[in-house]
Student: 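Mind looking over this structure? Questions follow.
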There are 2 protein chains.
Amino acid sequence: MTASLFWSSPVSDNSLDVAAPPADLEIIVNDARDGQKAQLRLWLRMLSITKIISHEIRRRLRNEFQATLPQFDLMAQLYREREGLRLGELSRRTMVTNGNVTGLADRLESDGLIVRQSADGDRRVTVAKLTRHGRETFARMARAHEAWLRELMSEVDDKTLAQIFGATGRVKRSVSSRLIKSED
Amino acid sequence: MTASLFWSSPVSDNSLDVAAPPADLEIIVNDARDGQKAQLRLWLRMLSITKIISHEIRRRLRNEFQATLPQFDLMAQLYREREGLRLGELSRRTMVTNGNVTGLADRLESDGLIVRQSADGDRRVTVAKLTRHGRETFARMARAHEAWLRELMSEVDDKTLAQIFGATGRVKRSVSSRLIKSED
DNA sequence: CGATATTACTTTAGAGTTAAAAGATTGCGA
DNA sequence: TCGCAATCTTTTAACTCTAAAGTAATATCG
């Protein structure tokens, strides 16, 4: 096998060597033709950052609001749709499978944060919407959530943030178009 | 409240915010200072990209190798450590909790991909290492995995990839340092 | 020496995850 | 109108995930 790809020892972040803790799964490739692996390297970096931040957000949501991240995501979608959304649409928007939405909705409903309604004339459809309590709770969570992110990224200047945002847009488009094509 | 949390619809591209959510003015009223949300926006974008790619990698690993992503990650760590790793170290490196590593190792072991050994003189310790079959299997998976990423990001030029890689390094350092500090 | 930490792993309980199958309901073409 | 396809949600099975408690084995200190 040519590609000898070796996962780097987590702690040794090629950037900065901060203490030790919860190691990081950033992978590095030690290969002569390093240029060939830019995609892999970038992917591992994004994965690593996302895991670290998710972990932290998850922890804080749990500690401060007794909520989980998927629940927060689901509520976020409902927050901007006063009329509520059908479960299937919710599934699409949150990128969570149908079956999963059922369970999430069950828990949120039993906590009094959302309600299920069989609206429309179509009895197959179920619409979920935030209760008053749900809206208030979410509003508080969203404020905290936003502040956490600002805090976590506080050492990065706005210009860099904007730059990454723009460039990652290209990555997103590339990935998305590949997925769509392969569906043919 | 400053709520303004206009969650972009996840799956759809959040750069071009097409959908026009009517909703109450109250909700939208807030902040004219959109610039304050660069962190939130970037976070949502990274989360979105990561979800899409993970989803696809997971799907392909399942279809072509009957393996899961966490299993792949665990094997990746063992691949470069011929001598094997103790479960605790594996947990640290993969950012997976101890209990979870136990289950993952159970499954990999029963599939004949790894073996557990009670090495050392310390009988509390268990070392996991890839079997011959495990090494061969992982080598094939790793090659495919790398190719998939190259394919998915193929529309992005190397310069952009390198640029993002570099800039996200700063994000990672910022986030990491905040976490360590808060541990005090 | 022996009680008490500490360390390493496993177990448990509650959530989330996916894919696939099962249940309802509705729509549509012959 | 009847039957079958399409749509929407729930169920199921296997896996992953976290936090917290449990079980060994080893270390430490009085």
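So that the names make sense, note that chain A is the first sequence line, chain B the second, and so on, each numbered from 1.
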Student: Counting the atoms with a prime plus P, OP1 and OP2 as sugar-phosphate, which does T102(A) contact under 4.0 Å by heavy atoms, base, sugar-phosphate, or nothing?
Tutor: base
Student: For a side chain to side chain contact (heavy atoms under 4.5 Å, CB included) with L113(B), tell me which candidate from T137(B), L74(B), L78(B) qualifies.
Tutor: T137(B)
Student: Does R124(A) come within less than 4.0 Å of D122(A), counting only side-chain N to carboxylate O?
Tutor: yes
Student: Taking atom types as modelled, find out whether E155(B) and S177(A) have a side-chain donor-acceptor pair closer than 3.5 angstrom.
Tutor: yes
Student: Give the cluster check for L47(B) versus L69(A): same hydrophobic cluster or not, with ILVMFWY residues linked at side-chain heavy-atom distances below 4.5 Å.
Tutor: yes
Student: Which atom pair, heavy atoms only, marks the closest approach of A167(B) to Q163(A)?
Tutor: CB-OE1, 4.0 Å
Student: May I ask you to decide whether R150(B) forms a salt bridge with E146(B), counting only side-chain N to carboxylate O separations under 4.0 Å?
Tutor: yes
Student: Looking just at side-chain N and O atoms, do N100(B) and T97(B) make a donor-acceptor pair shorter than 3.5 Å?
Tutor: no
Student: Looking at R140(A) and E136(A), does any basic side-chain N land under 4.0 Å from a carboxylate oxygen?
Tutor: no
Student: For a quick check, with a 4.0 angstrom heavy-atom cut-off, what is the B/S/- contact string for nucleotides 14-25 of chain D, read 5' to 3'?
Tutor: -SSBBS-----B
Student: Under a criterion of less than 4.0 angstrom to any heavy atom of chain A, what are the 5'-terminal and 3'-terminal contacting nucleotides of DNA chain C?
Tutor: dA15(C) to dT26(C)
Student: Quick one: L90(A) CG to dT10(D) C1', roughly how many Å, whole number?
Tutor: 15 Å
